[in-house]
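Side chains included, hydrogens not; waters and symmetry mates left out as well; all remaining heavy atoms used. If you're wondering where the values come from, they're calculated on a predicted model, not measured in any experiment.
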There are 2 protein chains.
Amino acid sequence: MSIGISQATVQNRTMSLRYALLALLTAQPMTGYDLAKAFHISVGHVWYAPDSQIYPELRRMEAAGLVDGVALPWGDKGTKTEYHVTDAGISEFVDWMNLPLRYTRERDPAHLKAAYFEWADPDAVREQLRAHVAHYEDQRRQWLEQLESIRDHTHPIFAKRLERYPSSEWPRITAFKMFAYEGLAARAEQEIAWAQRGLRLVDELAGESAAD
Amino acid sequence: MSIGISQATVQNRTMSLRYALLALLTAQPMTGYDLAKAFHISVGHVWYAPDSQIYPELRRMEAAGLVDGVALPWGDKGTKTEYHVTDAGISEFVDWMNLPLRYTRERDPAHLKAAYFEWADPDAVREQLRAHVAHYEDQRRQWLEQLESIRDHTHPIFAKRLERYPSSEWPRITAFKMFAYEGLAARAEQEIAWAQRGLRLVDELAGESAAD
DNA sequence: CGGACCATGTAAGCGGTTACATGATTCT
DNA sequence: AGAATCATGTAACCGCTTACATGGTCCG
């Protein structure tokens, strides 16, 4: 016997894609294509999204009044849509920023498998640990690159973002962004160290059984 | 014009729930209820799943021949189904264990928000960083508890698992399990350190603007 | 003129979440 | 007798992935 009046926006799960898009659009207006590209060179390292998710979400956001889509001519026949954040969009983004996060349960395939490594061939274990190292070394490299270009303000989107603020605000904004990426780099280093410890462990165990 | 013959089991995404269930059932046969409980006291700290996901998955796994469901009487009228891994189940689990992981893109709401903390109230930032600390301190505590009960073999499911092996194998199996949980504990410690650094950063920035 | 890039999607499906639902059993 | 626990689900929905699809534009 519900009456049909419902608290529509209670906080559906996370919807972080929406906020990642809003975050990017607070730096400058962009087309869906620009956003997709920005996802690869910027937030994409914190929150990845493919085109097929971005375009529809932008249209939902426009329907919700969070962004304005402005059609721009492109060549002779083509057009493209450039999205601008609205005041309502800013307001929703700030609300989200001030709201505490909901932490989800741990769900980690790498550690799940590691807990049952006795079922795998030692060589397969080694291969997977080396892949773990390689993956996080790559991540770490990317994050350090981001860090560099944020520190020296050569990061294109970040530079655009700073232009919107008085230079007195720059250290604060830069500090937060670096803080976020430093955390990710530190996490990557932790994962590398862990996997390397695993590799040593496999060698030790192989040595023992060989000595039998 | 496809002919309808398809490579059915190509590797649908991860399906880690299925392998988490198989992993548990290699320790001992269990009912859906037991498994749901085990998810809370064991793998649940690496891979969580609610009842509503476990029961249907078990039936799909039975249909796929990976487990055998044995109906057991329970009280006067009730029955319960105890699932046993089949040889095919073991084989599929081992195959999965030997296969390299597919790493998914980074998607981390906490670091996403941190990168845009200039949009949040300093107090809201502090609250979120403290929540981050609290969350990972809790995780860390749970993982260290797991570690303890694995180390001294008081962990009920793990003890059952060891019974299936000659005691010469115990160090190896124990070492892998501890390795996995140590990695998680180390990660939690890294997250705690990161958030605490964030708290210091907010204080520093507040001090600077107060000095203006 | 061809290849790289710009632009924007649709469709199917899956894994997971949340909320809801029911009844039996064992313990105190 | 009532509470805690055992047992097993259904239904709706959502965020995301994968694969597929199309056409225009710019540059060398």
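Look at CE on A/Met30: it is 13 Å from P on C/dA7, rounded to the nearest Å. Atom-to-atom, CZ of B/Arg107 to P of D/dC14 comes out at 18 Å; the value is rounded to the nearest Å. Whole-Å rounding puts the B/Met61 CE to C/dG15 P distance at 13 Å. As rounded to whole Å, 13 Å separates atom P of C/dG16 from atom CG of A/Asp108. Spacing between atom OH of A/Tyr55 and atom C1' of C/dT8 amounts to 5 Å, rounded to whole angstrom units. Counting to the nearest Å, the P atom of D/dT10 and the CD atom of B/Glu57 are 14 Å from each other. Between B/Asp34 atom CG and D/dT5 atom P the separation is 15 Å, expressed in whole Å. Between B/Lys77 atom NZ and D/dA7 atom P there is a gap of 16 Å when expressed in whole angstrom units.
Nearer the 5' end of DNA chain D, as judged by each residue's closest nucleotide, is the contact made by B/Ala36, out of B/Ala36 and A/Gly78. Nearest-nucleotide positions on DNA chain D for A/Asp76 and A/Tyr48 put A/Tyr48 closer to the 5' end. The nearest heavy atom of DNA chain C to A/Ser52 and to A/Trp74 marks one nucleotide each, and the one closer to the 5' end goes with A/Trp74.
Close to C/dG16, at under 4.0 Å from its OP1 or OP2, lies no side-chain N or O of B/Arg18. In this structure, B/Gln53 does not reach the C/dG15 phosphate: none of its side-chain N or O atoms is under 4.0 Å from OP1 or OP2. Contact check, A/Arg60 against C/dG9: no side-chain N or O comes under 4.0 Å of OP1 or OP2. Contact check, A/Arg59 against C/dT10: a side-chain N or O comes under 4.0 Å of OP1 or OP2.
Among the protein residues, A/Ile54 comes within range of no part of the nucleic acid, since none of its heavy atoms lies under 4.0 Å from any strand.
Under the 4.0 Å criterion applied to side-chain N and carboxylate O atoms, B/Arg141 and B/Glu137 are not assigned as salt-bridge partners. Between A/Arg187 and B/Glu106 a salt bridge is recorded (basic side-chain N to carboxylate O distance below 4.0 Å).
Nearest nucleotide to the side chain of A/Lys80, out of D/dT8, C/dT8, C/dT18: C/dT8. The side chain of B/Pro56 approaches D/dT10 more closely than any other nucleotide in the set D/dT10, C/dT8, C/dA24. The nucleotide whose nearest atom lies closest to any side-chain atom of B/Tyr33 is, among D/dA7, C/dT18, C/dA11, D/dA7. Across C/dT25, D/dT8, D/dG15, the shortest atom-to-atom separation from the side chain of B/Asp51 is found for D/dT8. Looking at the side chain of B/Arg102, the nearest of the listed nucleotides D/dC16, D/dT18, C/dT17 is D/dT18. For B/Trp47, counting side-chain heavy atoms from C-beta on, the closest listed nucleotide (D/dA7, D/dT18, C/dG16) is C/dG16.
Residues A/Thr81 and A/Val70 are not in side-chain contact: their nearest non-hydrogen atoms beyond the backbone lie 4.5 Å or more apart. Proximity of B/Trp119 to B/Lys113: side-chain heavy atoms (C-beta onward) are nowhere separated by under 4.5 Å. In this structure, the side chains of B/Gln28 and B/Met30 come closer than 4.5 Å at one or more pairs of heavy atoms.
The neighbour count for A/Asp87 CG, taken as heavy atoms of other residues, nucleotides or ligands under 6.0 Å away, does not exceed 12.
One cannot find a donor-acceptor pair under 3.5 Å joining the base of C/dT8 and the side-chain atoms of A/Thr31.
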